[in-house]
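In listed order, ligands and their atoms are each counted from 1.
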Amino acid sequence: MRILTIESTCDETAAAIVDDQLNVLSAVVASQDMLHQRFGGVVPEIASRAHVERILPVIDETLRKASLALADLDAIAVATTPGLAGSLLIGLSAAKALCVATGLPLVAVNHLQAHIYACKIASGEEVFPCVGLIVSGGHSNIYRCAGPTDFTPLGGTIDDAAGEAFDKVASLLNLPYPGGPSLSKAAAQGDPQRIRFPRPLLDDDSRLDFSFSGLKTAVRYKLVGIGKLADAPAPQLSDEELADVCAGFQEAVVDCLVGKAELALRRTGFNTLCVGGGVAANGRLRERLQESSQQHGYRLFIPPMSLCTDNAVMGAIALERIKAGEYATLELDISPGQERVSK
Ligand code: KG4
Ligand code: ZN
């Protein structure tokens, strides 16, 4: 069995063809970073317009790379929740149109579940049950994942998502968009201990929530405090100061993520942590989680970078729904909010 999966939840237009052994026959991602760069964040209307232009070329390219035709496929899967409404609609409309044209069945994908499923695809191992940590531009969530499509929320951010905090602090520091990669690159030269930023909610072990907006404000105050925000919009930091601010900020975010992941593992009694989302591409987070897993003796799964950021390969989770006979009808609709994580 081979399926085509389509992903357009945010600002990546992506498609992939995977078989029921989780082999990736082809995968294409068209990033929109260049389009959103000058705004310092994703502009929903620009994103949906770009999806309209790219969706069919991306699907064509995916078929071409696999040397397959639509007639060689067994189902079409599409991410329908959560995401930007306009962006989701483009992927869903394309998937429905292809189903109508070919008679292939339609399968719905939950984008958050797909991020965790990427760990199974990448490792080839059974990763469930596990604690799932999803850290991206739009989400910082922790789940008890009993199975691939059976998630119970344990905690999440009460304000900014982790990636959003990276993007906003990077923008404050005048670093290029997307902020995560550019900030972590600058942080690599810095001393993570020289400037200590707060670790919001980390000492509160009664809850598994995150709060990153105060951290962003703390960076702003730090810049004002050392007289570096007077000549706004761009603070005039030396390379060394910039690196230390970035390293200190990154360390604070990483401490919060690692600390709450460890707490979730203790609470659930699970012995496996799966991490997904764009921020999971962060080198320091990966390093610290490796150390934590060795210290506490749990199994850690973090996909390679290309499967951390948004992609369509992780849509292979649709195969689990197919196995369970859970096909969608052409009445399938988008669900932009993130509250529905289990079936
Ligand atoms: O999962 P993703 O591709 O898209 C969604 O938000 O769904 O994640 C994008 C986010 C952005 O906020 C980006 O700055 C962040 O992931 N990111 C990183 C890194 N690479 C991407 N954050 C920290 N360090 C990185 N290396
Ligand atoms: Zn995502």
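Residue-ligand proximity: His115 is placed with a non-hydrogen atom under 4.0 Å from ligand 1.
Identified under the salt bridge (Lys or Arg N to Asp or Glu O under 4.0 Å) test for residues 206-216, with sequence neighbours left out: Asp160-Lys216, Arg207-Asp209.
Neither the backbone nor the side chain of His139 has a heavy atom within less than 4.0 Å of ligand 1. The proximity of Cys10 to ligand 1, defined as any non-hydrogen pair under 4.0 Å, does not occur for either the backbone or the side chain.
Taking any N or O of Asp310, backbone or side chain, at least one lies under 3.5 Å from an N or O belonging to ligand 1. Between Thr309 and ligand 1, not a single N/O pair is under 3.5 Å apart.
Here CG of Leu89 is found 4.0 Å from CD1 of Ile334. Values are rounded to the nearest 0.5 Å. Here the straight-line distance linking atom CZ of Arg220 with atom CG of Leu173 works out to 10.0 Å at 0.5 Å rounding.
A salt bridge links Arg49 to Glu45: at least one charged side-chain nitrogen sits closer than 4.0 Å to a carboxylate oxygen. Using a cut-off of 4.0 Å between Lys/Arg side-chain N and Asp/Glu carboxylate O, Lys120 and Glu126 are scored as salt-bridged. One finds no salt bridge joining Lys65 and Glu61 here, because no Lys/Arg side-chain nitrogen approaches an Asp/Glu carboxylate oxygen to under 4.0 Å.
In this structure, the protein non-hydrogen atom closest to atom 11 (C) of ligand 1 is Asp167 OD2, 3.6 Å. When hydrogens are left out, the protein atom nearest atom 24 (N) of ligand 1 is Asn282 ND2, 3.0 Å; that is the closest non-hydrogen contact. Looking from atom 18 (C) of ligand 1 to the surrounding protein, the closest heavy atom is Gly180 CA, 3.5 Å.
For atom 6 (O) of ligand 1, the choice among Cys308, Gly163, Gly137, Ala187 with the nearest heavy atom turns out to be Gly137. Compare Gly278, Gly276, Gly138, Pro82 by their heavy atoms: the one nearest to atom 17 (N) of ligand 1 is in Gly278.
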TODO: Go through the steps for Phe270 and Tyr298 under the test ring-ring contact (aromatic ring centres under 6.0 Å, His included), then give the verdict.
DONE: CA-CA 8 Å; Phe270 288 170; Tyr298 60 86; over 10 Å; no
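Of all heavy-atom pairs between Asp72 and Arg2, the closest is O-NH1, 2.9 Å.
Because the distance cut-off is set at 2.8 Å, His111 qualifies as a neighbour of the Zn ion (ligand 2) through one of its N, O or S atoms.
For the pair OD1 of Asp310 and NE2 of His115, the angle at the Zn ion (ligand 2) is about 90°; rounding is to 10 degrees.
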